[in-house]
Every structure is written in structure tokens, then in C-alpha cells.
Number of protein chains: 2
Amino acid sequence: MSQPDPKRVKTDDEAPYELIYWPVIPGRGEFVRLVFEEAGVPYSDVAQNIEKGMNAVKSLTSTDNIGDEHNPPALAPPALKHGDLLISQTPNILLYVAPRVGLAPKEGNGVYHLNEIVLTILDGLVNELHDTHHPIAISLYYEDQKEESKKKSEYFIKERLPKYFKYMQRVLDAKTSGEGPWLYGDSLTYADLVLFQAVDGTKFAFPKSTEALKKSGEYDGVFKLYDAVKERPNISKYLQSDRRRKYSEGIWRYYPELEEE
Amino acid sequence: MSQPDPKRVKTDDEAPYELIYWPVIPGRGEFVRLVFEEAGVPYSDVAQNIEKGMNAVKSLTSTDNIGDEHNPPALAPPALKHGDLLISQTPNILLYVAPRVGLAPKEGNGVYHLNEIVLTILDGLVNELHDTHHPIAISLYYEDQKEESKKKSEYFIKERLPKYFKYMQRVLDAKTSGEGPWLYGDSLTYADLVLFQAVDGTKFAFPKSTEALKKSGEYDGVFKLYDAVKERPNISKYLQSDRRRKYSEGIWRYYPELEEE
């Protein structure tokens, strides 16, 4: 057997970026798309063809998948192929892509701060929001865990949403956030795109609660940043294109009863 | 106001490593401790003094904390101080430390594969196990969400545990795992230490279910790797020392009723 040497897994920077994700929903793939769209860097997106997209994800997540000579198997999409390299896990893909497309510093330790902010938003706000409609098991339908969903949502709205919005506002209030509306330093980074998508999904799933947070005036920086990302020329064009999926199933779902008093 | 430049957040490699984590429990701090212990690299651990540890965590997580001139605020421990740099989020701390102490490659793309494996184990197996005893809200006692915990645990034992063990076994079956018992390449990396702690905590929380997985013979590589880490001279010394906390509260808790048929 060959002796794999991790140092030798190199990529050709000229190779195309290929996103593998579920078709139809925005989901976690959206965080990756926004990075390429903002940077204006071409990427292919297998999800644009429903059948091809389904097949690509099924082959990725098959328990027969034990990777290849360069790459270990992934558990779940999104995955990104770049030359011989295949990597998975949203924050990991972002960490790889962002410095290459100018949305994170290429040197120094700033990238560990960005990764920290991104992990806090993804692992916290995004995953907990998902669990409001699947608190018991992801293999069960929402309808079969509706009562528990209602209970979890009450705590999510009352305690967790304000906690994460307060955290994002604190990062914006920190000295490290610089002059502009951005989370870290003086220019837009991939962390700002992650915040945008997390807030946008939250607005869809819990519109009344998000509106109440906005009206409180305690998180003005967060909503200002949200607007600033939305108005970026490349992002604005993307959001109006049919490459941007509509919310439906997946992480961000709208069940009005979860917000009722 | 000064213009922070992320590229300028440098650290002195001779600076001491200082872990900030809750006292008494092993928790997520344990993943960081194991890296330093295996590498034989000195680190301070404020959790060794209960009062100092509690104060350090309280000051870290205070909503008044807006970081300092070098660092954004953290939401939750563990955090690591290294010279002027302060970073949080377990997989992020590991990503920073491991290449510096010889437990991950310093160059090439191997680190993205290791980060992917570590994120899958931490975000998946570890977080989902935590949620078996807190499916509704972390602000509620277990006793107040016992019924939902029982329901969630049934699915966790039946579906999620085998899914993650199968994933870890597939990574070991991959060509990228090399000759030895290790997940990636031919020598121990920090991903192996993460697997060890995740399996060790699972054994404590769900002993019967873990034993059943072992007896099935389908995950022999996982249990062989677990033993191989446990027998490492530095790890073995550490596990017998009083620096290793006993399981009690936190992520890994033993509620026998959650495993009952």
C-alpha cells in the first residue's frame, strides 16, 4: 500500500471550483455560493441540474464511499472539488476558499478570528435554528415532532436568538471590527457573508421574532451589516438571479405556529 | 480609531499557551488538553483552580466583553491565549495549535482533511450526544426535559451512533489513512485524539450501546485506534494524573434510563 503524505495533497490554483450540494433548497451550500458570487470567481454548481445534483450527493454520502487516493470520504454535503482535492464541512470549505478569492487574509492569525466567528454563527445560530423543527430526530417528519418543536422554539426565540444577535453585535462593537460595517477589519470578509445568510434565513423562518429584534434597536449594527451585504453589486445581482434558490425545506422553514404566543 | 489589520495579529511562538475553560468537568476543554499532553508541550490550565477558573470563564462569557485591541469577543469557552492572541471554538483552537506542536502538517492541504474529520466528529457525534440530555433547552434542567431526552436518545442510539461510527470506520478504511491505526496518514494527528475523546465520552454516557457497537465487529478500526491512543505514553500518564477530570456534568453524562429498552 502506498504511504499517503498529507503534505503532498496539493491543488492546482487554476483548477475549476466544483460545488456538490442538494438541488432545490438553499441550505448550507448557500454559504459557499455567496463567497464565489461576491468574489466574482467562477464555480460550477451540480445542484443546478436536479437529477445530476441528486446523484452527486447520493454518491458522496453513500456508506460505500471510502474516498479516493487523495481524499477521505465525506459524511454530508456541501463538498467542494478543486483539482484533486475534495473537502467537506461548510466552515472548512469556506476556510479553504476565502483566502484564495480575497475574502480572508492569506497570512497572519486573522483567519483564526474569522473562523471563530463563522463557527459560532454556523454551529450556534444556524444549527440550533434547524433543530427547532427537528428536536427529536432528523429521520422523523416535522409533523411527528411538532409538540417538541413548539417547546424548543419558545426557548429559541426567548433565549437563543437574542444571545446570538447580541454576540454578533458585540463582535461589531469590538475594536477589531474597524471603520466600516464589517465584522472584522476594514473590509468585507467571508464572515460578513455568513452573517448575512444566517440572518436572512432567520428572517424567513422566524419573521416576527426577527422583526422584534430589529425594532428593539439593540442590534442595529447587525441589521446594518445585513443591508450592506445585500447591496453589494455582485450579491444583489446574484439574489435576483435564478441561481439563488427559494427557501422551502432544509434548514430554514417557515412554520408560523412555531412563532405563535 | 485605529484601523485593525488582521495580517498584523501575530503571536510570539515562545509565548505560553493558556487554556481558559470551566473547572471540574472534562467538557470541550478536554480536546485541547489532549493535544498539549500528547505533544508534551507545557500549557497552563486555569480550570485547575476552581475559583480562578470560574472567574476566567465568567469574564470571557460576559455580555460586557467586547474583546480587546487584538481580539474579538468569544461567545463560549474553551478559549486559548497565546501571547496577544485569544481564540475560541474548539475546532479552531485545535487547528491553530496542532500544526505548531507537530500533530498536523504545517503545509499543504492535509490540514483541510483533518479539519473536516474533526468538524464531523465534534459537530456531529459530540454535539448530538450533548443534545440527548438537553433536546429542548440548555437553560432547563435535564429533569425538566426527561421525556424528550428519552425519545431523542432512542433515535440517537439506533440511527446516529452507528452513522458516526460507520463514518469513522470509513475514514480508517480510506487509502488516505495509511499503514498504522491512524485516521489520516502514517502517524498520529490531532484528529486521532479527537476520536479518542469522543469515543471515551460516548462509552461513559452510553456504555451498553457502545459495547454493542464494539461487539458487532463492524467498527474494529475505531476501537483499535481508541486503544492505540490510550496506550500512548504521554496520554496514558495524563489519564492517570489528577489533571484528567472525572466525567460528571457537561456534555458526557450517565443517565442509565436513556439506554433502557
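Each chain gets a letter, A, B and so on, in the order the sequences are listed, and its residues count up from 1.
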Side chains of residues 56-64 of chain B: which donor-acceptor pairs under 3.5 Å do they make with residues two or more places apart or in other chains?
residue, atom, partner, partner atom, Å
Thr61(B), OG1, Val57(B), O, 2.9
Ser62(B), OG, Asp64(B), N, 2.9

Given a strict heavy-atom distance threshold of 4.5 Å, which part of [X] is in contact with chain B: side chain, backbone, both, or neither?
X	value
Lys151(A)	both
Asp131(A)	side chain
Glu159(A)	side chain
Phe156(A)	neither
Leu114(A)	neither
Leu140(A)	side chain

Would you say Tyr164(A) and Leu75(B) make side-chain contact, with heavy atoms under 4.5 Å?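 In contact.
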Min side-chain heavy-atom separation Asn115(B)-Ile87(A) under 4.5 Å: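 When only atoms from C-beta onward are counted, Ile87(A) and Asn115(B) do not touch, as no gap falls below 4.5 Å.
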Quick check: does any side chain N or O of [X] sit under 3.5 Å from a backbone N or O of [Y], one acting as donor and the other as acceptor?
X	Y	result
Arg170(B)	Pro72(A)	no
Glu116(A)	Ser88(B)	yes
His70(B)	Thr176(A)	no

Among Ser187(A), Pro91(A), Ala74(A), Ala76(A), which residue forms the greatest number of heavy-atom pairs with chain B at distances under 4.5 Å?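 Max contact count across the listed options: Ala74(A).
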Heavy-atom pairs under 4.5 Å with chain A: which of Gly124(B), Gly67(B), Ser149(B), Ala137(B) has the most?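 Greatest number of close heavy-atom pairs with chain A: Ala137(B).
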Under a 4.5 Å cutoff for heavy-atom pairs, which residue among Leu172(B), Asn65(B), Asp173(B), Leu122(B) has the most contacts with chain A?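 Highest number of pairs under 4.5 Å: Asn65(B).
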Quick one: [atom1] on [X] to [atom2] on [Y], what's the gap to the nearest 0.5 Å?
X	Y	atom1	atom2	result
Thr132(A)	Ile136(B)	OG1	CD1	11.0 Å
Lys175(A)	Ile66(B)	NZ	CD1	7.5 Å
His82(B)	Tyr112(A)	NE2	OH	11.5 Å

Results of ring-ring contact (aromatic ring centres under 6.0 Å, His included) for His130(A) - residues two or more places apart only: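 Result, ring-ring contact (aromatic ring centres under 6.0 Å, His included) vs His130(A): His133(A), His134(A).
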What do the steps show when you test Gln89(B) against Val118(A) for side-chain contact (heavy atoms from CB on, under 4.5 Å), and what is the final call? CA-CA 10 Å; Gln89(B) 285 287 350; Val118(A) 164; over 6 Å; no
Please give me the minimum heavy-atom distance between Tyr155(B) and Ser139(A), naming the atom from each residue.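 Looks like CD2-OG, 3.8 Å.
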Taking all non-hydrogen atoms of both residues, which atom of Leu86(A) and which atom of His113(B) are closest, and how far apart?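 Heavy atoms only, the tightest pair is O-NE2, 3.2 Å.
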Under 4.0 Å between a side-chain nitrogen and a carboxylate oxygen: does that hold for Glu148(B) and Lys152(A)?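 No, this pair does not count.
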Just to verify, which of Asp123(B), Thr90(B), Leu119(B) counts as forming a side chain to side chain contact (heavy atoms under 4.5 Å, CB included) with Asp123(A)?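 Option passing the side chain to side chain contact (heavy atoms under 4.5 Å, CB included) with Asp123(A): Asp123(B).
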Whether over 12 other heavy atoms sit under 6.0 Å from Lys163(B) NZ: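 It does not: Lys163(B) NZ has 12 such atoms or fewer within range.
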